[in-house]
Every structure is written in C-alpha cells, then in structure tokens.
Amino acid sequence: MKKRKSVWCYLDGKKHCDVVQWALAANVSVNEAKSLLTAQYPLLTVTFKVQ
C-alpha cells in the first residue's frame, strides 16, 4: 500500500496543522487555505511541506 501524504503548515519551524484537513473544515481549497494561513500569521515564518 502507498503511504498517504498530506501538506503540513509550519510556523517558525514548528508543526502547526494539516492544511488539507484545515481546508476541509473551512470548506475552501488547499491553495486558498495556504493563503489564509499565511495572511493569518503575518509576523511568523509560514512554510508548507508535503509529508
């Protein structure tokens, strides 16, 4: 079986949330979720990684 991957949001290098689950909960696309998370934390370094 293949291992499922997801997109994770990191704030200043610390794992914050699963972007796919966040997008499903907010009823938006993953790209919109990324832009909303980036706008929500303007003072922190927001990075996204696929794991």
Side-chain angles (χ1 to χ4, degrees):
M1 292 187 117
K2 288 186 177 181
K3 186 176 179 182
R4 292 187 183 189
K5 293 187 178 186
S6 190
V7 180
W8 287 90
C9 174
Y10 288 83
L11 300 177
D12 286 337
K14 294 182 182 179
K15 192 181 259 187
H16 177 60
C17 67
D18 183 355
V19 178
V20 176
Q21 292 297 321
W22 194 91
L24 287 171
N27 199 23
V28 297
S29 71
V30 174
N31 287 334
E32 291 176 37
K34 284 182 177 181
S35 64
L36 288 171
L37 284 165
T38 304
Q40 194 173 15
Y41 300 103
L43 300 178
L44 301 175
T45 304
V46 181
T47 56
F48 301 100
K49 296 181 184 176
V50 177
Q51 294 182 334

Side chains of Lys15 and Gln51, heavy atoms from C-beta outward: is any pair under 4.5 Å? yes

Find out if a path of hydrophobic residues (ILVMFWY) with successive side-chain heavy-atom gaps under 4.5 Å connects Tyr10 to Tyr41. no

Quick check: is Val30 connected to Leu37 through a chain of hydrophobic side chains (ILVMFWY, heavy atoms under 4.5 Å apart)? yes

Whether the side chain of Asp12 engages the backbone of Thr45 through a donor-acceptor N/O pair (distance < 3.5 Å, no angle test) should be reported. yes

Does the side chain of Thr38 reach to within under 4.5 Å of the side chain of Cys9, using non-hydrogen atoms? no

Beyond-backbone contact of His16 with Val46, side-chain heavy atoms, under 4.5 angstrom: no

Minimum-distance pair of heavy atoms, taken over all atoms of Val19 and Trp8: CG2-C, 4.0 Å

Considering all heavy atoms of both residues, which atom of Ala33 and which atom of Trp22 are nearest to each other, and what is their separation? CB-CE3, 3.5 Å

Roughly how far apart are Ser29 OG and Leu24 CG, rounded to 0.5 Å? 10.5 Å

